[in-house]
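These notes are about the structure you will find just below.
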Amino acid sequence: MAEDRVQALFAVADTIRANAPDAVAGLRRLGVRTILLSGDNAHTVRRIAAEAGVDEARGDLLPEDKLALVKTLSRSGKTGMVGDGINDAPALAQADIGFAMAAAGTDAAIETADVALMDDDLGKLSVFIRLSRATHAVLVQNITFALGVKAVFFALALAGQASMWMAVFADMGVSLLVVGNGLRLLRK
């Protein structure tokens with residue numbers, strides 16, 4: 001009769017990274033919506049997503065399912081994909097920006113991604129996004145300022161009011177000012 005009963009039951013499940021809840025919270029503070037895409041069991045994926053504070057979770061996905069979901073998400077806004085496996089490579093390539101977890105990642109994921117996080121620290125995602133947004137703001141400032149000064153100089157030149165020193169400032173002076181403005185990013 002003992003042969004008809006379960007003698008032992010073993011279960012194996014992934015655990016979340018220790019810093020995952022903080023990393024997800026940091027992304028939320030930046031207004032980033034998080035979705036967990038995994039080939040693992042859907043129930044397990046939902047549990048891990050809940051522990052980490054992820055907004056949405058989808059499990060039982062094949063690589064082509066991840067790719068299709070990233071394509072769909074890309075239609076409604078900018079997408080980023082974080083992955084470490086060969087199964088993530090197609091979705092990493094499709095996303096607007098792909099992040100590979102380089103320490104634990106496969107060569108395919110690392111080569112496909114746009115950014116490789118060398119120490120696999122998920123917290124660096126929010127740092128990367130903040131720095132990217134700051135860089136974008138500085139670029140817009142620099143381009144607007146440089147074109148504005150050049151337009152003023154051009155108008156003065158057409159009116160016959162421009163001097164050689166104004167031309168030097170419009171060229172080299174503006175170049176030095178925009179480089180100086182860009183250097184502010186080093187403090188971020």
Side-chain angles (χ1 to χ4, degrees), residues 19-37 52-56 66-84 88-103 105 109-188:
N19 67 341
D22 291 336
V24 172
L27 291 170
R28 277 193 168 171
R29 283 190 295 274
L30 293 172
V32 176
R33 182 173 154 235
T34 55
I35 303 172
L36 177 60
L37 306 178
V54 172
D55 297 318
E56 185 179 340
K66 292 179 186 181
L67 176 61
L69 283 166
V70 170
K71 279 183 183 178
T72 301
L73 292 168
S74 293
R75 290 187 202 114
S76 61
K78 298 288 183 193
T79 58
M81 170 74 181
V82 180
D84 64 358
D88 298 323
L92 285 168
Q94 178 64 44
D96 292 306
I97 186 161
F99 297 90
M101 304 306 274
I110 294 167
E111 289 176 19
T112 304
D114 302 298
V115 177
L117 299 174
M118 298 310 290
D119 60 358
D120 290 356
D121 182 2
L122 292 171
K124 291 194 176 162
L125 292 171
S126 59
V127 172
F128 184 90
I129 291 170
R130 275 195 311 278
L131 184 58
S132 295
R133 289 176 179 175
T135 301
H136 180 263
V138 168
L139 284 171
V140 169
Q141 292 167 7
N142 285 348
I143 291 168
T144 302
F145 176 70
L147 290 177
V149 169
K150 301 236 186 243
V152 168
F153 175 75
F154 184 68
L156 288 172
L158 286 178
Q161 301 298 314
S163 69
M164 180 61 73
W165 290 109
M166 287 181 186
V168 169
F169 175 76
D171 186 40
M172 290 307 299
V174 169
S175 294
L176 291 172
L177 289 172
V178 299
V179 167
N181 190 38
L183 289 174
R184 292 182 313 124
L185 291 170
L186 293 175
R187 290 185 273 145
K188 300 239 179 236

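Everything quoted here is computed from the prediction, not taken from an experiment.
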Handout entry: side-chain contact (heavy atoms from CB on, under 4.5 Å) against Leu37, all qualifying residues, sequence neighbours excluded
Key = Ile35, Arg58, Leu61, Lys66, Leu69, Val70

Handout entry: Least distance between heavy atoms, Ala113 atom then Gly98 atom
Key = CB-O, 3.5 Å

Fill in the blank from the handout: side-chain contact (heavy atoms from CB on, under 4.5 Å) filter on Asp121, not counting sequence neighbours, yields Asn19, Asp119, Lys124

Exercise for the section: State, to 0.1 Å, how close Gly123 and Ala23 come at their nearest heavy-atom pair, and which atoms those are. Expected result: N-CB, 3.8 Å

Problem - Residue pairs, two or more places apart or on separate chains, that pass ring-ring contact (aromatic ring centres under 6.0 Å, His included) and touch residues 169-188 - result: none

Practice task
Would you mind listing every side-chain hydrogen bond (donor to acceptor under 3.5 Å, both in side chains) that reaches into residues 157-170, with sequence neighbours excluded?
Solution key: none

Problem - Inter- and intrachain pairs under salt bridge (charged side-chain N to carboxylate O under 4.0 Å, His left out), touching residues 89-103, at least two apart - result: none

Would you list the atom pairs, donor with acceptor, under 3.5 Å between side chains in residues 175-185 and any protein atom, with sequence neighbours excluded?
residue, atom, partner, partner atom, Å
Ser175, OG, Asp171, O, 2.9
Asn181, OD1, Arg184, NE, 2.6
Asn181, OD1, Arg184, NH2, 3.1
Asn181, ND2, Gln141, OE1, 3.1
Asn181, ND2, Asn142, OD1, 2.7
Arg184, NE, Asn181, O, 3.3
Arg184, NH2, Gln141, OE1, 3.1

Fill in the blank from the handout: Of all heavy-atom pairs linking Ala109 and Ala100, the shortest is O-CB, 3.6 Å

Contacts under 3.5 angstrom, residues 144-158 side chains, donor-acceptor by atom type, not counting sequence neighbours:
residue, atom, partner, partner atom, Å
Thr144, OG1, Val140, O, 2.8
Lys150, NZ, Ala170, O, 2.8

Completion exercise
Applied to residues 127-136, the salt bridge (charged side-chain N to carboxylate O under 4.0 Å, His left out) test, sequence neighbours excluded, yields none

Problem - Minimal non-hydrogen separation, Ser74 against Thr79, with atom names - result: OG-OG1, 3.1 Å

Exercise for the section: Mind checking the CG-CE spacing from Leu122 to Met101? Nearest 0.5 Å is all I need. Expected result: 4.0 Å

Exercise for the section: Report the distance from atom CD1 of Ile110 to atom CG of Leu92, rounding to the nearest 0.5 Å. Expected result: 10.5 Å

Problem - Positive for side chain to side chain contact (heavy atoms under 4.5 Å, CB included) with Met81, one of Asp88, Asp114, Leu73, Thr112 - result: Asp88

Exercise for the section: Please collect all salt bridge (charged side-chain N to carboxylate O under 4.0 Å, His left out) contacts where either partner lies in residues 19-33, sequence neighbours excluded, each pair once. Expected result: Arg28-Asp55, Arg33-Glu56

Practice task
Report the residue from Leu27, Leu30, Val24 that forms a side chain to side chain contact (heavy atoms under 4.5 Å, CB included) with Leu125.
Solution key: Leu27

Handout entry: Selection residues 111-134 - residue pairs positive for ring-ring contact (aromatic ring centres under 6.0 Å, His included), sequence neighbours left out
Key = Phe99-Phe128

